[in-house]
Amino acid sequence: MANRDTGTHLQSSLKQRHMSMIALGGVIGAGLFVGSGVVVHAAGPAAVLSFLITGALVVLVMRMLGEMACAMPAVGSFYEYARLAWNDKPVGGELAGFLTGWMYWYFWVIVVAVEAVAGANLIQFWLPDIPAWAISLVLLVVLTLTNLVSVASYGEFEFWFASIKVAAIVVFLFLGGLFVFGMWPGAVASTGHLLSHGGFMPNGIGPAMSGAVAATGFYFGAEIVTIAAAEAAEPQQAVARATNSVIGRVLFFYIGSILLVVMLVPWNSAGMATPYVSALEAMRIPAAAHIMNAVVLTAVLSALNSGLYASSRMLFALTRRGDAPRSLAKLNSRGVPVRAILIGTLFGYAAVVMSYVSPDTVFAFLVNSYGTVAIFVYVLIAFSQLKLRKRLERESPGKLKIRMWGYPYLTWVAIIGMLSIVGAMAFIPDQRTPLALGVVSLTVLLVAFTVRSIWRKLRSSDPEFDSPV
């Protein structure tokens with residue numbers, strides 16, 4: 001039942017089917033359909049290992065989030081968990097929450113811009129005469145209106161977007177499986193290109209490990225389901241089912257489809273620039289480019305829809321703790337944080353404008369920094385779970401409906417794995433710029449927190465500090 005106190009509370013309108021597809025749809029993005037080719041081109045067929053390593057880390061993080069979200073459903077999810085985990089340290093909880101919340105907001109508003117630009121390029125495949133900026137604007141306006149209607153509207157759109165993506169992956173796995181097992185007309189059972197062109201690991205172990213770094217951003221998005229838990233009709237059950245279901249399916253979808261791609265398409269061919277289109281063409285499926293363009297467009301719209309949702313809910317959570325202007329917390333009669341959504345839309349479209357006005361400076365900075373910021377958020381989530389699990393076991397063991405496997409050892413494995421990815425970026429030439437810009441973004445937030453803290457002290461010590469002159 002929806003919460004009637006619409007002045008201060010979000011609505012509880014998301015159903016179990018919405019939550020399941022939000023979890024799955026958040027992971028299956030345009031990165032899988034297009035960006036995965038970059039990883040394959042660098043690592044060869046061993047890209048399967050790259051995605052397996054990163055996927056395993058994401059699975060561990062999702063299990064941690066599932067544990068915390070079921071025990072303590074909260075608006076802002078891991079933003080609140082970071083505050084709670086470190087509230088025993090002076091300023092620790094405030095700083096951890098501030099960094100987690102704003103980094104996550106930053107990640108998704110950049111995704112909004114990137115996906116709006118990508119969506120325009122995809123639509124121009126069919127409508128080349130329409131300016132890209134106009135298409136980006138239309139996409140942003142349409143999905144902003146969807147989010148403004150109600151959370152149920154967002155959930156319904158995301159359900160169908162995600163359903164199309166999942167259906168496309170399932171069909172691809174089925175047809176690709178028939179082809180490689182020789183059950184396709186004219187096909188002979190074989191491993192295809194898996195071991196040809198230099199073998200499974202043609203460039204050695206290094207590119208396979210660096211590919212895991214590049215693949216990290218492709219998985220980001222599954223955690224949206226824990227944010228959506230605050231607006232679910234049955235948050236604990238919904239999160240438990242969603243986090244459990246996403247684990248196996250994500251690995252199956254990613255690893256299975258990438259394995260088929262490297263079997264169907266030579267890893268070092270030009271066709272790897274559009275891996276899934278080339279795989280469909282290898283199976284002689286007509287209109288492959290049009291089919292995949294439509295599927296990728298659906299993935300882009302899903303990411304855009306989720307970006308507006310996730311950024312607005314995180315900004316709403318930030319206002320509740322004074323980490324963002326409280327004026328942005330205002331809800332309409334349907335329990336929707338209108339101003340928080342519009343801020344994300346405006347920032348997103350400003351970034352879209354920068355993609356045309358300043359593609360090599362401002363927009364390049366945004367695109368190159370947000371992926372590293374995402375890893376920082378996951379590291380903070382893992383540290384938060386490490387501390388909160390110990391506290392929950394001591395104070396409220398009955399709340400632990402879902403438990404992190406092998407605690408605390410697997411939590412430490414995930415932390416070390418993610419920190420290793422960050423460290424490895426310093427030694428990979430094409431990852432050094434994203435690492436540096438991610439650190440710059442983190443530094444800016446640290447400075448912003450310091451300024452906010454000083455302003456608060458001045459305000460509390462001098463009652464006339466902010467009085468009107």
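In this chain, residues are counted from 1 in sequence order.
Surrounding CZ of Phe181 are at most 12 heavy atoms belonging to other residues, nucleotides or ligands under 6.0 Å away. Within 6.0 Å of CH2 on Trp160 lie no more than 12 heavy atoms contributed by other residues, nucleotides or ligands. Heavy-atom neighbours of Phe253 CZ from other residues, nucleotides or ligands within 6.0 Å: above the threshold of 12. Other residues, nucleotides and ligands contribute more than 12 heavy atoms inside 6.0 Å of the NZ atom of Lys387.
Put simply, the side chain of Val180 does not reach to within 4.5 Å of the side chain of Leu194, judged on heavy atoms. No side-chain heavy atom of Thr411 sits less than 4.5 Å from a side-chain heavy atom of Leu60. Here the side chains of Tyr378 and Ile421 are not in contact, with every heavy-atom distance at 4.5 Å or above. The shortest side-chain heavy-atom distance between Leu32 and Ser257 falls under the 4.5 Å cut-off. Leu315 has its side chain out of reach of Pro337: every pair of non-hydrogen atoms, C-beta onward, lies at least 4.5 Å apart. With contacts defined as side-chain heavy-atom distances shorter than 4.5 Å, the pair Leu139/Ile123 qualifies. Taking 4.5 Å as the limit, some side-chain heavy atom of Asn293 sits within range of a side-chain heavy atom of Trp126. Taking 4.5 Å as the limit, some side-chain heavy atom of Phe376 sits within range of a side-chain heavy atom of Thr372.
With hydrogens and angles disregarded, no donor-acceptor distance shorter than 3.5 Å links the side chain of Arg313 to the backbone of Ala228. Listed for the Thr144 side chain is a donor-acceptor partner under 3.5 Å among the backbone atoms of Leu140. Checking side-chain atoms of Thr443 against main-chain N and O of Val439 turns up a donor-acceptor pair under 3.5 Å. When atom types are taken as modelled, the side chain of Ser355 and the backbone of Val352 share a donor-acceptor pair closer than 3.5 angstrom. With hydrogens and angles ignored, the 3.5 Å screen pairs a side-chain donor or acceptor of Trp267 with a backbone N or O of His197. A donor-acceptor contact shorter than 3.5 Å links the side chain of Thr54 to the backbone of Ala212. Distance alone, capped at 3.5 Å, places no donor-acceptor pair between the Ser396 side chain and the Leu392 backbone. The main-chain N or O of Ala132 is never found under 3.5 Å from a side-chain atom of Asn121 such that the two would form a donor-acceptor pair. With Ser278 contributing its side chain and Gly271 its backbone, the two residues share a donor-acceptor pair below 3.5 Å. A donor-acceptor distance shorter than 3.5 angstrom exists from the side chain of Tyr81 to the backbone of Met72, with no hydrogens or angles considered.
Checking Gln385 against Tyr407 by side-chain atom types alone, no donor-acceptor pair falls below 3.5 Å. For the residue pair Tyr106 / Trp102, no side-chain donor-acceptor distance below 3.5 Å is found, with atom types taken as modelled.
A salt bridge links Arg17 with Glu156: the distance from a Lys NZ or Arg NE/NH1/NH2 to an Asp or Glu carboxylate oxygen falls below 4.0 Å.
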Pair Phe218-Tyr254, ring-ring contact (aromatic ring centres under 6.0 Å, His included): steps then yes or no: CA-CA 10 Å; Phe218 298 161; Tyr254 265 85; 7.5 Å; no

Step by step, would you call Thr100 with Phe78 a side chain to side chain contact (heavy atoms under 4.5 Å, CB included)? CA-CA 8 Å; Thr100 303; Phe78 40 88; 3.6 Å; yes

Show your reasoning for whether side chain to side chain contact (heavy atoms under 4.5 Å, CB included) applies to Leu143 and Tyr309. CA-CA 10 Å; Leu143 290 174; Tyr309 174 80; over 6 Å; no

Applying side chain to side chain contact (heavy atoms under 4.5 Å, CB included) to Ile227 and Tyr104, what does each step give before you reach the verdict? CA-CA 11 Å; Ile227 293 177; Tyr104 194 72; 3.2 Å; yes

Does Ile381 form a side chain to side chain contact (heavy atoms under 4.5 Å, CB included) with Met68? I'd like the steps, not just the answer. CA-CA 10 Å; Ile381 288 171; Met68 294 186 289; 4.0 Å; yes

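Contacts of Glu158 classified as salt bridge (charged side-chain N to carboxylate O under 4.0 Å, His left out), with partners at least two apart in sequence or in another chain: none. Applying the side-chain hydrogen bond (donor to acceptor under 3.5 Å, both in side chains) rule to Tyr154 yields no partners; only residues at least two apart in sequence or on another chain are considered. Taking the salt bridge (charged side-chain N to carboxylate O under 4.0 Å, His left out) definition, one finds that Arg403 meets it with Glu393, sequence neighbours left out. Under the side-chain contact (heavy atoms from CB on, under 4.5 Å) criterion, Met209 pairs with Ile53, Ile205, sequence neighbours left out. When the side-chain hydrogen bond (donor to acceptor under 3.5 Å, both in side chains) test is applied to Gln431, no partner is found at least two apart in sequence or on another chain. By the side-chain hydrogen bond (donor to acceptor under 3.5 Å, both in side chains) test, Glu115 is found to be paired with no residue, residues two or more places apart in sequence or in another chain being considered.
Rounding to the nearest 0.5 Å places CG of Leu99 at 6.0 Å from CG of Leu442. Atom CG of Leu259 sits about 11.0 Å away from atom CG of Leu52, to the nearest 0.5 Å. Distance CG/Leu84 to OH/Tyr79: 10.5 Å, rounded to 0.5 Å. Atom CD1 of Ile164 is separated from atom CE of Met21 by 10.5 Å, given to the nearest 0.5 angstrom. To the nearest 0.5 Å, the span separating CG on Leu127 from CG on Leu122 amounts to 12.0 Å. Atom-to-atom distance recorded for Trp133:CH2 and Tyr356:OH is 10.0 Å, nearest 0.5 angstrom.
For Ser312 against Ala340, the heavy-atom pair with the smallest separation is O-CB, 3.5 Å. Smallest separation of non-hydrogen atoms from Tyr219 and Phe51: OH-O, 2.7 Å. Pairing each heavy atom of Pro286 with each of Ile291, the nearest pair is O-CD1, 3.7 Å. Considering every non-hydrogen atom in both Val109 and Gly344, the closest pair reads CG1-CA, 3.9 Å. Closest heavy-atom contact between Ala208 and Ser50: O-OG, 2.6 Å. Minimum interatomic distance between Ser77 and Leu65 (heavy atoms only, all atoms of both residues): OG-CD2, 4.2 Å.
Ring geometry for Tyr276 against Phe172 counts as tilted: the plane angle lies between 30° and 60°, on a 0 to 90° scale.
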